[in-house]
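One structure is given here, and the rest of the page talks about it.
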Amino acid sequence: MTLCRVVPPGLVLAVHQEPAGPWGRQRRVVDQRASRTALDTALHCYGNHSAPAFSLSHTEGIGAALIGPETLAFGVDLVRMSRVSEREAKAITAEAEWASMGGQVPPALVWGLKESAAKATGDPARFFGTVLRIVPGARGHWEVIGESECPGRRFSTRWMRLGEYLLVWVWAAEDSPGDPARLPPYRRPQP
Amino acid sequence: MPDDPSRLTSTELLELIRPLVAEVMMVPLDDVSADSALVADLGGESIDVLDLVFRIEEKLGIVIPHRRWETYVRERFEGQDLARVITTTTMVEFAQSTMAEQAGG
C-alpha cells in the first residue's frame, strides 16, 4: 500500500507499507526501506522544487514521509494506536497538562503529537516530553507549544487514522517565533 | 527481583537488563550486547525505550520518578542522535544513576 496526498498546510505526505512480516532481525531494514519508499514517493509528488525538507517516521513495516519547504519547521509520527497505553502517554505529560486534556486526547495521539513536535524542533533529545505541552487550539484542533527552553514555539497539528495506525503531523504556526536558521539535521534529502 | 538492586555491579545489572532489552526490542538475546544501540542496532522505537524503562523499574523493584528518564536523556544526550547513543549500557547507567539519586548518593 502506498499513498500520497497534500495535507495542511500544503505539505506532501506519503505512506508506504511493506509486505507483511515476520521480519525478525530484518525489522529495522524493512522499516528503513518503507520510509525510504515513502520519501521517494513524496519527492515525486512534490515535483521539481528546490531542496525540500523532510521528516520521516516508521513502524512495523510502514514508513511515512512529510515534505515541505526548508523555511518551515514540521515533523511527522506514525504509531499503532494499541501500542500506546495511558501509562506511556502519562510518562511524557505533565500532571496539569494531562488533567487539562480531560481525557479527550487518546494516548496514541498524545504520543504522536509530542513525538512529531519534538522532531519539528530539530533537537528531539532536548525538546521532548513535558517540555512540549498539548493545549487546545483554534477550531477544535490541539496545538503543541514549547515550554521553558523552547519558548514561543507553537505548532499546529493534524492527524489521520490509517487502519490501526495513527499518523500525526505538526508544523510551526505562523506567529510562532523561532530560529529559522536551525533546521533539523535529518531534514536534508539523502542521496 | 534482587534484594538490594543498588548493590548490584554493572555486570550484574547488565545481565538483568539484557533479557529485558531482547524482549522489548523483539530480538534474540545473542543480538544484545552492552554497546547495542537500542534504535539504530536493534530496531527499537522511542516508545520501546520507554517501555524498557518501565520493565527495569519492575525488574529491580524500584520506583523511577516521573520525568526521570526524560530529564536524564536531555541532560546527557542533548543535541545527539538518540538512535545511536542510547545503548544497553545506557540503561544500566540510568538504573544506577536513579538508584544512587534515591539513596542520596
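Quick caveat, the model's predicted, so the values are computed rather than measured. Throughout, a chain's letter reflects where its sequence line sits, starting with A, and its residues are numbered from 1.
In this structure, the side-chain contact (heavy atoms from CB on, under 4.5 Å) partners of B:Glu78, at least two apart in sequence or on a different chain, are A:Asp123, A:Arg126. Applying the side-chain contact (heavy atoms from CB on, under 4.5 Å) test to A:Ala34 and every residue at least two apart in sequence or in another chain returns A:His16, A:Glu18.
Proximity to chain A (any heavy atom under 4.5 Å) is restricted, for B:Leu82, to the side chain, taken from C-beta onward. With a threshold of 4.5 angstrom between heavy atoms, A:Val84 approaches chain B through its backbone and through its side chain. With a 4.5 Å cut-off on non-hydrogen atoms, A:Glu115 touches chain B through its side chain but not through its backbone. In this structure, the portion of A:Thr93 lying under 4.5 Å from any heavy atom of chain B is its backbone and not its side chain. If you measure heavy-atom distances from A:Val131 to chain B, the contacts under 4.5 Å come from both the backbone and the side chain.
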key: Intermediate values then yes/no, side-chain contact (heavy atoms from CB on, under 4.5 Å), A:Val79 and B:Glu45   = CA-CA 10 Å; A:Val79 63; B:Glu45 301 174 15; 5.9 Å; no
message = Is there a salt bridge (Lys or Arg N to Asp or Glu O under 4.0 Å) between B:Asp48 and A:Arg83? Walk through the geometry before answering.
response = CA-CA 9 Å; B:Asp48 294 327; A:Arg83 182 70 181 83; 2.3 Å; yes
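In terms of heavy-atom pairs under 4.5 angstrom with chain B, the leader among A:Thr130, A:Ile92, A:Val29 is A:Thr130.
Rounding to the nearest 0.5 angstrom, the gap separating the NZ atom in A:Lys119 from the OG atom in B:Ser46 is 7.5 Å.
Each of A:Val135 and A:Phe155 belongs to its own hydrophobic cluster when Ile, Leu, Val, Met, Phe, Trp and Tyr are linked at side-chain heavy-atom distances under 4.5 angstrom. Under the 4.5 Å side-chain heavy-atom criterion for grouping Ile, Leu, Val, Met, Phe, Trp and Tyr, A:Leu78 is connected to A:Met1 within one hydrophobic cluster. No chain of hydrophobic side-chain contacts below 4.5 Å, direct or via other Ile, Leu, Val, Met, Phe, Trp or Tyr residues, connects A:Trp98 to A:Ile145.
Other members of the cluster containing B:Met26 do not exist, because no ILVMFWY side chain is joined to it at under 4.5 Å.
At distances below 3.5 Å, not a single donor-acceptor pair connects side-chain atoms of A:Arg87 with backbone N or O atoms of B:Asp51. Looking at A:Glu88, its side chain never comes within 3.5 Å of a backbone N or O of B:Ile47 through a donor-acceptor pair.
Between B:Arg67 and A:Glu97 there is no salt bridge, since none of the side-chain N atoms of the basic residue sits less than 4.0 Å from a carboxylate O of the acidic one.
Within the 4.5 Å cutoff, no side-chain heavy atoms of B:Asp41 are placed close to those of A:Arg28.
A:His44 NE2: 12 or fewer foreign heavy atoms inside a 6.0 Å radius.
Minimum interatomic distance between A:Lys90 and B:His66 (heavy atoms only, all atoms of both residues): O-CE1, 2.8 Å.
Residues from residues 83-97 of chain B never place a non-hydrogen atom less than 4.5 Å from a non-hydrogen atom of chain A.
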